[in-house]
*Asks:* 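Sharing a structure below in structure tokens format, with a few things to ask.
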Amino acid sequence: MYILLAVIAACSLGVALHFAMPRRELRGAAVTPAIATATTAAVYTIMQWSGVAEGDVLLWVASIGSGILVAAAATAALTAQRVRHDAAEKQSLGI
């Protein structure tokens, strides 16, 4: 049940990250929190299966931290891809 605390924390931090990163109008509001939540859940589960105890600080820092880092990197990559695609589309349409 402690995984819910990690997932809720990651989702909340993902929402904050969405609003902190530039060009948020180019992506959906749920993209960054979804990536952070899924990554945190996966890392938490893998670490639990590998034997890390729920009371260990490493479990919490690694799972939530990796979720936020992966979400930040993925959001930056998705936003950059969207900017490039939009520029190419404008150029092809002659706008």
*Asks:* Report the hydrophobic cluster partners of Val61, with the cluster defined as I, L, V, M, F, W, Y residues connected by side-chain heavy atoms closer than 4.5 angstrom, directly or transitively.
*Replies:*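 Reading the cluster by chain and number, Val61 sits alongside Val57.
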*Asks:* Please report the closest heavy-atom contact between Val43 and Ser66, naming both atoms and the distance.
*Replies:*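 Scanning both residues, the minimum pair turns out to be CG2-OG, 3.3 Å.
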*Asks:* Okay, side chain of Thr37, backbone of Ala34: is any donor-acceptor separation there less than 3.5 Å?
*Replies:*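 It does not hold such a pair.
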*Asks:* Can you give me the closest heavy-atom contact between Ile64 and Ala9, atom names plus distance?
*Replies:*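 Closest heavy-atom pair between Ile64 and Ala9: CD1-CB, 4.0 Å.
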*Asks:* Report yes or no: do Met21 and Ile35 belong to one cluster of Ile/Leu/Val/Met/Phe/Trp/Tyr joined by side chain heavy-atom distances under 4.5 Å?
*Replies:*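 Cluster IDs for Met21 and Ile35 differ.
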*Asks:* Taking atom CD as the centre, does Gln81 end up with more than 12 heavy-atom neighbours from other residues, nucleotides or ligands that are less than 6.0 angstrom away?
*Replies:*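 Count not over threshold, so no.
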*Asks:* Supply the atom-to-atom distance Cys11 SG to Leu17 CG, rounded to the nearest 0.5 angstrom.
*Replies:*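 Here the rounded value is 11.5 Å.
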*Asks:* Would you check if Leu5 and Trp60 make a side-chain contact, meaning some heavy-atom pair closer than 4.5 Å?
*Replies:*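 Contact flag for Leu5/Trp60 side chains = yes.
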*Asks:* Counting N and O atoms only, with roles assigned by atom type, does the side chain of Arg27 sit under 3.5 Å from a partner on the main chain of Thr79, one being a donor and the other an acceptor?
*Replies:*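 Such a contact is absent between Arg27 side chain and Thr79 backbone.
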*Asks:* Would you say Glu89's side chain and Leu93's backbone share a donor-acceptor pair under 3.5 angstrom?
*Replies:*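 Answer holds: no.
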*Asks:* Going only through I, L, V, M, F, W and Y residues with side-chain contacts under 4.5 Å, is there a path from Ile8 to Val15?
*Replies:*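 Each belongs to a different hydrophobic cluster.
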*Asks:* Is there side-chain contact between Leu59 and Gln48, with heavy atoms separated by less than 4.5 Å?
*Replies:*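 Sidechains of Gln48 and Leu59: in contact.
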*Asks:* How close do Ala36 and Ile68 get, heavy atom to heavy atom, and via which atoms?
*Replies:*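 Closest heavy-atom pair between Ala36 and Ile68: CB-CD1, 4.2 Å.
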*Asks:* Mind checking what makes salt bridge (charged side-chain N to carboxylate O under 4.0 Å, His left out) contact with Asp56, not counting sequence neighbours?
*Replies:*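 Expected list: none.
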*Asks:* Are Leu58 and Met47 packed together at the side-chain level, in the sense that at least one heavy-atom pair is separated by less than 4.5 angstrom?
*Replies:*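 The answer is yes, as the side chains (C-beta and beyond) meet within the 4.5 Å cut-off.
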*Asks:* Is a donor on one side and an acceptor on the other found under 3.5 Å between the side chain of Arg24 and the backbone of Phe19?
*Replies:*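 Between the backbone of Phe19 and the side chain of Arg24 there is a qualifying donor-acceptor contact (under 3.5 Å).
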*Asks:* Would you check, one step at a time, whether the test salt bridge (Lys or Arg N to Asp or Glu O under 4.0 Å) holds for Lys90 with Asp86?
*Replies:* CA-CA 6 Å; Lys90 283 182 183 178; Asp86 286 353; over 6 Å; no
*Asks:* Are Val70 and Tyr44 linked, directly or through intermediate hydrophobic residues, by side-chain heavy-atom contacts shorter than 4.5 Å (ILVMFWY only)?
*Replies:*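 No; Val70 is not reachable from Tyr44 via cluster members.
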*Asks:* Look only at the side chain of Thr40 and the backbone of Ser63, and say whether a donor-acceptor pair between them is shorter than 3.5 Å.
*Replies:*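 At least one qualifying donor-acceptor pair exists.
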*Asks:* Test of understanding: clusters of I, L, V, M, F, W, Y form through side-chain heavy atoms closer than 4.5 Å, transitively. Do Leu78 and Leu69 belong to the same one?
*Replies:*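 No, it is not one cluster - the side chains of Leu78 and Leu69 are not joined through contacts under 4.5 Å.
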*Asks:* Would you check if there is a donor-acceptor pair between the side chains of Thr32 and Thr75 at a distance under 3.5 Å?
*Replies:*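 Judged by distance alone, the side chains do pair up.
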